[in-house]
Asks: 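Structure below; questions to follow.
Lettering of chains follows the sequences in order, A, B, ..., and the numbering in each one begins at 1.
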Amino acid sequence: MTPLKAKDVYDLLKTVPEGQVTTYGDLARALGHPNAARAIGQIMNKNPDPFVVPCHRVVAWDGGIGGYAFGIKMKKEILQKEGLAFNEDTIVDFEKKRAKLKREK
DNA sequence: GCCATGGCTAGTA
DNA sequence: GCCATGGCTAGTA
């Protein structure tokens with residue numbers, strides 16, 4: 001299996017529009033690495049450019065917030081600003097907000 | 001040897 | 001609540 005490239009993750013993530021989200025596992029599967037969810041999280045943590053790569057739009061598989069380099073509180077605020085609603089720490093209507101990823105390669 | 005995950009079990013109510 | 005997974009990095013040789 002070809003290695004997972006950070007650039008591929010970022011490129012795919014950039015296709016997720018404002019107001020929608022994706023998950024660590026979805027990104028992993030779309031790139032042909034069904035078990036690399038955790039590696040995706042680590043790649044997000046090293047995000048070179050938070051203003052270009054919308055890593056705040058990557059959440060946990062169950063609609064939970066996941067993590068964020070600048071704190072999950074800020075992540076939540078940004079997502080709310082982009083139009084998502086929360087019930088406690090879970091995204092409301094998560095399945096409807098979940099982006100359909102275009103499979104790469 | 002660390003984790004910004006996720007899936008599966010054991011054990012309680 | 002445990003642990004497999006996979007990419008990264010600190011720290012030793």
Asks: By the salt bridge (Lys or Arg N to Asp or Glu O under 4.0 Å) test, which pairs, at least two apart or in different chains, include something from residues 36-62 of chain A?
Replies: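 Passing the test, one end in residues 36-62 of chain A: A:Arg57-A:Glu82.
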Asks: Could you check if a side-chain atom of A:Val9 sits within less than 4.5 angstrom of a side-chain atom of A:Leu4, using non-hydrogen atoms only?
Replies: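 Yes, at least one pair of side-chain atoms sits under 4.5 Å.
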Asks: With the side chain of A:Asn45 defined as its heavy atoms from C-beta on, choose the nearest nucleotide among C:dC8, C:dG6, B:dA4.
Replies: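 Closest nucleotide to the A:Asn45 side chain: B:dA4.
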Asks: List the steps, then state whether side chain to side chain contact (heavy atoms under 4.5 Å, CB included) holds for A:Val59 with A:Tyr24.
Replies: CA-CA 7 Å; A:Val59 300; A:Tyr24 303 95; 5.6 Å; no
Asks: Which donor-acceptor pairs under 3.5 Å do side chains of residues 71-78 of chain A form with protein atoms, sequence neighbours excluded?
Replies:
from: A:Lys75; atom 1: NZ; to: A:Val58; atom 2: O; distance (Å): 2.6
from: A:Lys75; atom 1: NZ; to: A:Ile65; atom 2: O; distance (Å): 2.8
from: A:Lys75; atom 1: NZ; to: A:Gly67; atom 2: O; distance (Å): 2.8
from: A:Lys76; atom 1: NZ; to: A:Glu88; atom 2: O; distance (Å): 3.2
from: A:Lys76; atom 1: NZ; to: A:Asp89; atom 2: OD1; distance (Å): 3.1

Asks: In whole angstroms, how far is the P atom of C:dG7 from the OH atom of A:Tyr10?
Replies: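 Roughly 13 Å, once rounded to whole Å.
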Asks: Can you tell me how far C1' of C:dT9 sits from CD1 of A:Ile43, to the nearest Å?
Replies: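 Computing the A:Ile43:CD1 to C:dT9:C1' distance gives 14 Å.
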Asks: Take atom NE2 of A:His33 and atom C1' of C:dA4, then tell me their distance rounded to the nearest Å.
Replies: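 Roughly 17 Å, once rounded to whole Å.
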Asks: Which of the following nucleotides, B:dG6, C:dA4, B:dG7, is nearest to the side chain of A:Arg29?
Replies: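 Output: B:dG7.
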Asks: For the pair made of OH in A:Tyr24 and P in C:dG6, what is the distance, rounded to whole Å?
Replies: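 These atoms are roughly 18 Å apart.
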Asks: Check whether any side-chain heavy atom of A:Val16 lies under 4.5 Å from a side-chain heavy atom of A:Pro54, and answer yes or no.
Replies: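 A side-chain contact under 4.5 Å is absent here.
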Asks: Starting at atom CD of A:Gln42, determine the distance to atom C1' of C:dA10, rounded to an integer number of angstrom.
Replies: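 For the pair A:Gln42 CD and C:dA10 C1', the rounded distance is 13 Å.
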Asks: Just the rounded figure in Å: distance from P of C:dG6 to CZ of A:Arg38.
Replies: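 In whole Å, C:dG6 P lies 12 Å from A:Arg38 CZ.
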Asks: Taking the side chain from A:Tyr10 and the backbone from A:Val52, do they hold a donor-acceptor pair closer than 3.5 Å?
Replies: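 No: the side chain of A:Tyr10 does not pair with the backbone of A:Val52.
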Asks: Using a cut-off of strictly less than 4.0 Å between a heavy atom of the residue and any atom of DNA chain B, enumerate the qualifying residues of residues 54-76 of chain A by number.
Replies: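 Hits under 4.0 Å, by residue number: A:Cys55, A:Ala60, A:Trp61, A:Gly67, A:Tyr68, A:Ala69.
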Asks: Suppose we screen for side-chain contact (heavy atoms from CB on, under 4.5 Å). Which residues come up paired with A:Pro50, at least two apart in sequence or across chains?
Replies: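 Scan of A:Pro50 (side-chain contact (heavy atoms from CB on, under 4.5 Å), adjacent residues dropped) gives A:Asn47, A:Phe70.
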Asks: Could you tell me which residues satisfy side-chain hydrogen bond (donor to acceptor under 3.5 Å, both in side chains) with A:Lys7, sequence neighbours excluded, listed by chain and number?
Replies: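 In terms of side-chain hydrogen bond (donor to acceptor under 3.5 Å, both in side chains), with neighbours along the sequence ignored, A:Lys7 is linked to A:Asp11.
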Asks: Quick check: on DNA chain C, is the nucleotide nearest A:Asn35 upstream (toward 5') of the one nearest A:Lys46, or the reverse? Name the residue that is more 5'.
Replies: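 Result: A:Asn35.
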Asks: Tell me what A:Leu4 touches on the nucleic acid: a base, only sugar-phosphate, or nothing, going by heavy atoms under 4.0 Å.
Replies: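 Answer is sugar-phosphate: A:Leu4 comes under 4.0 Å of backbone atoms only.
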Asks: Could you give the distance from OG1 (A:Thr23) to CZ (A:Phe94), rounded to the nearest 0.5 Å?
Replies: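 Interatomic distance, A:Thr23 OG1 to A:Phe94 CZ, rounded to 0.5 Å: 6.0 Å.
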Asks: Could you give me the stems involving DNA chain C, meaning stretches of three or more consecutive Watson-Crick or G-U wobble pairs whose two defining distances are both below 3.5 Å?
Replies: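 When the pairs of DNA chain C are grouped into runs of at least three, the stems are B:1-3 with C:6-8, B:5-8 with C:1-4.
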